[in-house]
*Asks:* 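This is the structure I want to talk about, given as structure tokens.
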Amino acid sequence: MRIATWNVNSLKARLPRVEEWLGYARPDVLCLQETKLSDAAFPHMAFSVLGYESVHHGEGQWNGVAILSRVGIDNVVEGFAKPVDPDPDSRVLTALCSGVVVSSVYVPNGRSLDSDHYQYKLSWLGRLRDHLDILSGPDELVAVCGDFNIAPADIDVWDPKAFVGSTHVSAEERTALGSLESWGLADAFRMLYPGDRLYSYWDYRAGDFHEHRGMRIDLVLVSRRLAQGLKWGLVDRNARKGKLPSDHAPVFVDVEPART
DNA sequence: ATGGTCGAGTATCGA
């Protein structure tokens, strides 16, 4: 089972690139973030002709998350599961795809350490853990995929010195991510490439992509039972090249869920 | 050393 995640930075602007990528990467499940679409504007038909069912949780203009699947989509939950404090933004969507509880998440950016938005980010990560507790458990098949806006370790940023005092690398953010890991989730891509400086996001400015000034902030977190069947994975840097790319590349992992 | 770019919407803000 190939599970992928991609922050597309506007699905309206990115639809041709997503269609192209689905055509050759053929993920079983693709989680999208930053669709920047209303639910009414979501292009379900474009994906159904490629063999994918799709669900979307969006508000237009900002945020917006989706799940595409060619192995079924059931039990769809938009936002946090009740009774978790609701999120005013469209940042999480959860569904059951072929026995796997899949969440597509767009974690708040945080903006700066002294910002209210940073406190919102920390609170949001705590609520995500509560959400998972309600909908599933660490002994189930769970994949939480998305733009976490957190570099898990210093190896995940091009120059740790350049990020001192910034969001994405603070101890509090990494602790909040660690809380998800202690719930029972593992960073699947890092398991495959324990020591490699591989990134998933590069700023559009200043030629950052070609200069390898990136960050690995797009993660696929998997529960133990999925991690046991982890086979392979990639960041598809080709999708960050060429005409009208997102500033993020898609990340995917191949897993063979263990039978119970 | 500094500023660089996109996408939203159509002036700026968010990333």
Side-chain angles (χ1 to χ4, degrees), chain A residues 5-21 30-43 46 56-66 79 87-93 104-125 128 145-152 156-170 172-174 176-177 199-219 235-251:
Chain A
T5 184
W6 196 1
N7 179 325
V8 292
N9 185 20
S10 167
L11 185 57
K12 184 181 172 192
R14 218 65 61 210
L15 184 58
R17 297 296 303 255
V18 176
E19 291 173 314
E20 175 192 28
W21 194 75
L30 172 60
C31 296
L32 300 176
Q33 301 86 38
E34 279 205 270
T35 62
K36 299 184 179 178
L37 294 177
S38 66
D39 288 336
F42 189 84
H56 181 249
H57 176 47
E59 63 201 68
Q61 187 164 13
W62 290 304
N63 310 310
V65 284
D87 184 4
D89 294 353
S90 302
R91 295 183 177 275
V92 55
L93 181 64
S104 179
V105 302
Y106 176 46
V107 177
N109 174 287
R111 297 181 190 161
S112 65
L113 299 186
D114 59 1
S115 162
D116 288 345
H117 203 257
Y118 178 70
Q119 296 305 320
Y120 166 54
K121 179 179 195 173
L122 295 174
S123 144
W124 198 95
L125 288 160
L128 177 60
C145 315
D147 177 358
F148 281 76
N149 273 312
I150 299 172
D156 298 306
V157 297
W158 61 277
D159 180 8
K161 292 192 296 296
F163 287 88
V164 173
S166 300
T167 59
H168 295 62
V169 300
S170 73
E172 284 173 301
E173 287 162 272
R174 287 174 171 171
L177 182 60
Y199 309 131
S200 64
Y201 160 81
W202 303 260
D203 198 299
Y204 284 123
R205 294 171 287 186
D208 277 7
F209 178 67
H210 294 98
E211 299 294 335
H212 300 288
R213 288 190 293 263
M215 309 175 78
R216 192 177 68 92
I217 57 177
D218 299 276
L219 309 177
V235 177
D236 185 7
R237 298 179 75 264
N238 286 322
R240 181 64 179 75
K241 304 174 186 176
K243 190 179 284 186
L244 292 177
S246 171
D247 43 3
H248 297 249
V251 177

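What you see is a predicted model; the values in this text were computed from it and never measured. Note that these values count all heavy atoms, side chains included, but never hydrogens, waters or copies made by symmetry. The chains referred to below are lettered A, B, ... by the order of the sequence lines, with proteins before strands, and numbering in each begins at 1.
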*Asks:* To the nearest Å, how far apart are A:His248 NE2 and B:dC6 P?
*Replies:*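 Rounded to whole Å, this separation is 14 Å.
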
*Asks:* Quote, to the nearest angstrom, the C1' distance that separates B:dT12 from B:dA1.
*Replies:* 27 Å

*Asks:* Just checking A:Arg213: base, sugar-phosphate only, or nothing, at a heavy-atom cut-off of under 4.0 Å?
*Replies:*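 Answer is nothing: A:Arg213 stays at 4.0 Å or more from every strand.
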
*Asks:* Can you check the A:Leu37 CG to B:dG9 P distance for me, whole Å?
*Replies:* 10 Å

*Asks:* Hey, which of A:Gln33, A:Lys36, A:His248 is the one that makes side-chain hydrogen bond (donor to acceptor under 3.5 Å, both in side chains) with A:Asn9?
*Replies:* A:Lys36

*Asks:* What is the distance, to the nearest angstrom, from the OH atom on A:Tyr120 to the P atom on B:dG14?
*Replies:*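 One finds 14 Å between P of B:dG14 and OH of A:Tyr120, rounded.
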
*Asks:* Is B:dG9 syn or anti, taking syn as a glycosidic angle within 90° of 0?
*Replies:* anti

*Asks:* Assign the ring pair A:His56 / A:Phe42 to parallel, tilted or perpendicular, where the plane angle (0 to 90°) is split at 30° and 60°.
*Replies:*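 Correct class here is parallel.
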
*Asks:* On a whole-Å scale, what distance lies between the C1' atoms belonging to B:dC13 and B:dT2?
*Replies:* 22 Å

*Asks:* With respect to the side chain of A:Gln61, which nucleotide from B:dG7, B:dG9, B:dA15 is positioned closest?
*Replies:* B:dG9

*Asks:* Distance check: side-chain N/O of A:Arg14 vs OP1/OP2 of B:dC6, anything under 4.0 Å?
*Replies:* no

*Asks:* Without decimals, in angstroms, what is the distance between A:Trp62 CH2 and B:dC6 P?
*Replies:* 21 Å

*Asks:* Rounding to a whole Å, what distance do you find between A:Phe209:CZ and B:dA15:C1'?
*Replies:* 18 Å

*Asks:* In whole angstrom, give the distance that lies between atom CD1 of A:Ile217 and atom P of B:dA15.
*Replies:* 12 Å

*Asks:* For nucleotides B:dG14 and B:dG9, find the distance between their C1' atoms and express it as a whole number of Å.
*Replies:* 13 Å

*Asks:* Taking A:Tyr199 for the side chain and A:Val235 for the main chain, is one N or O donor matched with an acceptor at less than 3.5 Å?
*Replies:*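 The answer is no, because no donor-acceptor pair under 3.5 Å joins these two groups.
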
*Asks:* Rounded to the nearest Å, what distance is computed from the CG atom of residue A:Asp89 to the C1' atom of nucleotide B:dC13?
*Replies:*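 Rounded to the whole Å, the gap is 15 Å.
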
*Asks:* What's the closest nucleotide to the A:Ala206 side chain, out of B:dG7, B:dG9, B:dG4?
*Replies:* B:dG4

*Asks:* Could you check A:Asn63 against A:Leu11 and say which one's nearest nucleotide on DNA chain B is further toward the 5' end?
*Replies:* A:Leu11

*Asks:* Nearest whole Å is fine: how far is B:dT5 P from A:Leu244 CG?
*Replies:*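 Result: 15 Å.
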
*Asks:* Side chain of A:Arg111 only, please: which of B:dG3, B:dT5, B:dA15 is the nearest?
*Replies:* B:dA15

*Asks:* Tell me the closest heavy-atom pair linking A:Ser200 and A:Val251, and the distance in Å.
*Replies:*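 For A:Ser200 versus A:Val251, the nearest heavy atoms are CB-CG2, 3.9 Å.
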
*Asks:* Between A:Asp208 and A:Tyr201, is there a side-chain donor-acceptor contact under 3.5 Å, judged purely by atom types and distance?
*Replies:* no

*Asks:* P atom, B:dG7 versus B:dG3: distance in rounded Å?
*Replies:*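 About 23 Å, rounded to a whole number of Å.
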
*Asks:* For A:Gly60 and A:Asp208, find the nucleotide of DNA chain B closest to each by heavy atoms; which residue's nucleotide sits nearer the 5' end?
*Replies:*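 Here A:Asp208 is the residue nearer the 5' end.
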
